[in-house]
Amino acid sequence: MTASYETVIGLEVHSQLLTSSKMFCPCGSDYQESEPNTRVCPVCMGMPGVLPVVNKKAVGLVIKTGLALECEISTETKFDRKNYPYPDLMKGYQISQFDIPIALNGRLSIKSPDTGKKYIRITRVHLEEDVAKLLHRKEPYGEAYSLLDINRAGVPLMEIVSEPDMNSPEEANEYLTSLHSIIRFVETSTANMEEGSFRCDANISVRPLGSKELGSKVEIKNVNSFRSVFRALKYEETRQRKLLAEGQNIEQETRGWSDDRGTTVSQRTKEYAADYRYFPEPDLPPILISHEWVNKIQSEIPELPAEKKERYMGIFGLSDYDASVMIGDRESTLLFENTLLYLSESMGQKDAAKAAANWINVDLNRMKNELKSSWSETKLGPRELANLIMLVDDGKISNSMAKTIFDEMFVNGGDPIKISEKRGLSQINDTSSIQNIVTETLLENQSAVDDFLNGRDSAVRYLVGQVMKKSKGQANPQVASDMVTLELNKQKKQ
Ligand SMILES: [Zn+2]
C-alpha cells in the first residue's frame with residue numbers, strides 16, 4: 001500500500017530596503033558598488049559606547065510593503081536584540097524585531113496550479129539589519145583564511161514571513177513570483193536576486209494526508225534564485241516522502257542547497273527562538289506609528305499587479321497568459337501603458353493592446369535574454385514603439401522588417417521611420433508595381449505554373465516566394481499572394 005502525503009511549505013524572504021543610508025547610522029547603503037570597508041563608521045562596526053539612530057525612511061518602506069500585503073500596521077512597535085556569536089555580526093547581536101513587528105496578519109493571493117486562486121497568509125513583516133560579508137580564501141597563502149567586508153553590516157532589511165500555507169513547490173514558486181512583483185511595484189526594494197537583495201529561506205515538512213500535526217520541519221537557507229528554491233523544495237519533498245515511506249524519522253535541521261549537485265546537505269540542527277535570548281533593544285525607544293503616517297503611505301501605493309492584470313484582461317482584452325507575463329515586471333507595464341497612450345486613438349484599443357503586448361512580451365524579452373541586458377540598458381521608448389506598431393498597421397513595413405527595426409531600436413534607440421529609410425526597409429503596397437513583378441515571375445517560372453495547372457497547389461507558395469525574392473522582400477506578402485493566385489486562376493480558366 002502506498003501512503004499519501006501532504007507537503008507543507010512556509011517561506012521567509014529577506015529583501016533589502018531602498019534607502020540611501022544604513023539602518024542605524026549615516027553610512028551609505030550602496031555596499032555593492034563600493035570598495036570593501038569604505039561604507040563604515042563606529043556604529044556599524046559595533047564599537048562600544050556608540051548609539052544607533054533609526055532610519056525613518058526604512059520604517060516607512062516596511063509600512064508600505066505591509067499595506068501592499070494587506071497587513072495590519074502596529075500603532076506602536078519596537079526593536080529587539082537577537083544574540084548570537086558569529087564573525088559577521090559586528091556587535092555580537094543583531095537589532096531585529098521579535099514580538100511586535102511593524103506589520104502583521106496580511107495575505108497574498110496566488111494562482112495555485114492545483115486549486116486555482118488561493119490566499120497565502122502573511123504572518124509578519126519586520127525590520128532588521130544585515131550582517132557583514134565573510135569571504136573565505138585560500139590563495140595566495142595556501143592556508144585557509146577569511147576576509148571581512150563590513151560595508152553590508154547595518155544595511156536595512158525587511159523580513160517577510162508567510163504561514164505554512166503552501167502545499168507544493170509550484171505554489172511556493174507562485175508565491176515568490178507574486179511577492180517579488182509586488183515589492184517591485186511599490187518600490188520598497190530592488191529585490192534583485194542576483195545581487196542578494198532578495199533572499200529566501202524555506203521551511204518544508206511532509207505529513208500523512210489528513211494528519212493535523214505538522215511533520216518535522218527542515219529549513220533550507222539562503223537560496224539565491226527562484227529556480228534554485230523550486231529545485232531545492234522538489235528535492236526535499238521527495239527525500240522526506242521517501243524517508244517517511246521507509247518508516248524513518250525526519251530530523252529537524254537546517255540544510256544547505258547545492259546547485260551543482262542538485263541536492264540539499266545537512267548543516268546543523270535548527271535553533272529555537274530561545275537560543276537567541278531576545279530582549280528589547282535598550283538603546284532605541286519604541287516607535288509610534290500614527291494613523292496620519294499610515295494613511296499618507298496608503299495613498300502612495302500604486303495599482304498592484306493583481307489589479308493591473310484584471311484591468312488588462314478586461315479593458316484591453318489581453319489573454320490570461322499575456323497579462324500574467326506583463327505584470328511579472330513593473331517596467332513592462334510602464335512601457336505597455338505609455339505605448340498605448342500614443343496608439344489607441346489611431347488603432348482600436350484592443351488591437352493596439354494586443355500588438356504592444358506582443359512586442360513587449362515576446363520580442364523585448366527575447367532581446368533582453370539574447371543580450372543579457374537589463375531595463376536600464378534598453379534605449380526603446382513608448383513613442384518609438386508606438387510608431388513602429390503604426391508602420392506595420394499601415395502596411396508600410398512588413399512584420400519581418402519591423403523585427404529588424406525593433407532590434408536596432410532596442411540597442412541604439414531612434415525613430416523607426418528614420419531607421420527604415422536608412423536601411424531601405426519599406427514595403428511595396430502599390431499594386432501596379434507588384435503586378436509587374438508577378439507577371440515577370442510567372443513568365444520566368446513556366447514549369448511551376450504548369451505544375452499548378454496540373455493540380456499541384458503547393459506551386460503557389462513557391463511562386464509567391466519568388467515574387468518576394470525578386471522584390472528584395474519589399475512586396476507586401478499578402479498583396480503578392482493574392483495577385484499570384486488571381487493570375488494563376490485566370491490561366492486555369494483559359
Ligand atoms: Zn555606519
Side-chain angles (χ1 to χ4, degrees), residues 12-65 77-98 100-103 125-137 145-160 183 187-199 222 224 276-289 293:
E12 288 175 15
V13 167
H14 286 92
S15 197
Q16 187 191 329
L17 291 165
L18 262 184
T19 58
S20 50
S21 60
K22 290 188 182 180
M23 188 60 229
F24 300 113
C25 64
C27 294
S29 57
D30 53 341
Y31 67 92
Q32 318 263 15
E33 303 95 56
S34 315
E35 288 291 308
N37 298 313
T38 54
R39 296 290 182 272
V40 294
C41 74
V43 173
C44 54
M45 284 193 288
M47 296 296 180
V50 294
L51 286 174
V53 177
V54 172
N55 182 336
K56 189 179 174 190
K57 172 140 192 230
V59 179
L61 293 176
V62 174
I63 294 174
K64 195 171 184 186
T65 307
T77 187
K78 72 175 175 68
F79 289 100
D80 300 275
R81 286 190 184 181
K82 180 178 179 179
N83 299 278
Y84 65 93
Y86 204 70
D88 63 4
L89 194 60
M90 306 317 297
K91 300 188 287 284
Y93 59 85
Q94 180 189 28
I95 304 182
S96 180
Q97 296 196 281
F98 183 51
I100 315 176
I102 293 174
V125 186
H126 73 247
L127 186 51
E128 62 185 31
E129 56 179 339
D130 209 343
V131 296
K133 235 190 222 171
L134 278 172
L135 303 152
H136 304 291
R137 295 273 164 85
Y145 65 99
S146 298
L147 295 172
L148 191 61
D149 177 6
I150 306 176
N151 281 354
R152 200 178 65 184
V155 164
L157 291 179
M158 60 181 159
E159 180 173 332
I160 302 152
I183 290 175
E187 295 180 274
T188 51
S189 168
T190 62
N192 188 327
M193 268 198 146
E194 279 154 31
E195 288 176 359
S197 47
F198 190 83
R199 313 197 283 265
N222 270 332
N224 59 9
Y276 293 121
R277 294 185 300 112
Y278 276 103
F279 61 84
E281 168 59 56
D283 290 339
L284 290 167
I287 296 173
L288 300 176
I289 301 174
W293 194 18

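Just so we're clear, the structure is a prediction, and the values are computed from it rather than from any experiment. All ligand and atom numbering here is 1-based and tracks the order in the structure.
Contact check on D80 versus K82 returns no salt bridge, with no Lys/Arg side-chain nitrogen under 4.0 Å from an Asp/Glu carboxylate oxygen. The pair K91-D283 fails the salt-bridge criterion, with no side-chain N (NZ, NE, NH1 or NH2) lying under 4.0 Å from an Asp/Glu carboxylate O.
With no hydrogens or angles considered, no side-chain donor-acceptor pair links T190 and E195 at under 3.5 Å.
Counting only heavy atoms from C-beta outward, the side chains of V54 and M23 approach each other to under 4.5 Å.
For residues 44-63, no pair satisfies salt bridge (charged side-chain N to carboxylate O under 4.0 Å, His left out), with sequence neighbours left out.
Take a cut-off of 2.8 Å around the Zn ion (ligand 1): the protein N, O or S atoms inside it are C25 SG, C27 SG, C41 SG, C44 SG.
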Pair Q97-F79, side chain to side chain contact (heavy atoms under 4.5 Å, CB included): steps then yes or no:
CA-CA 5 Å; Q97 296 196 281; F79 289 100; 4.0 Å; yes

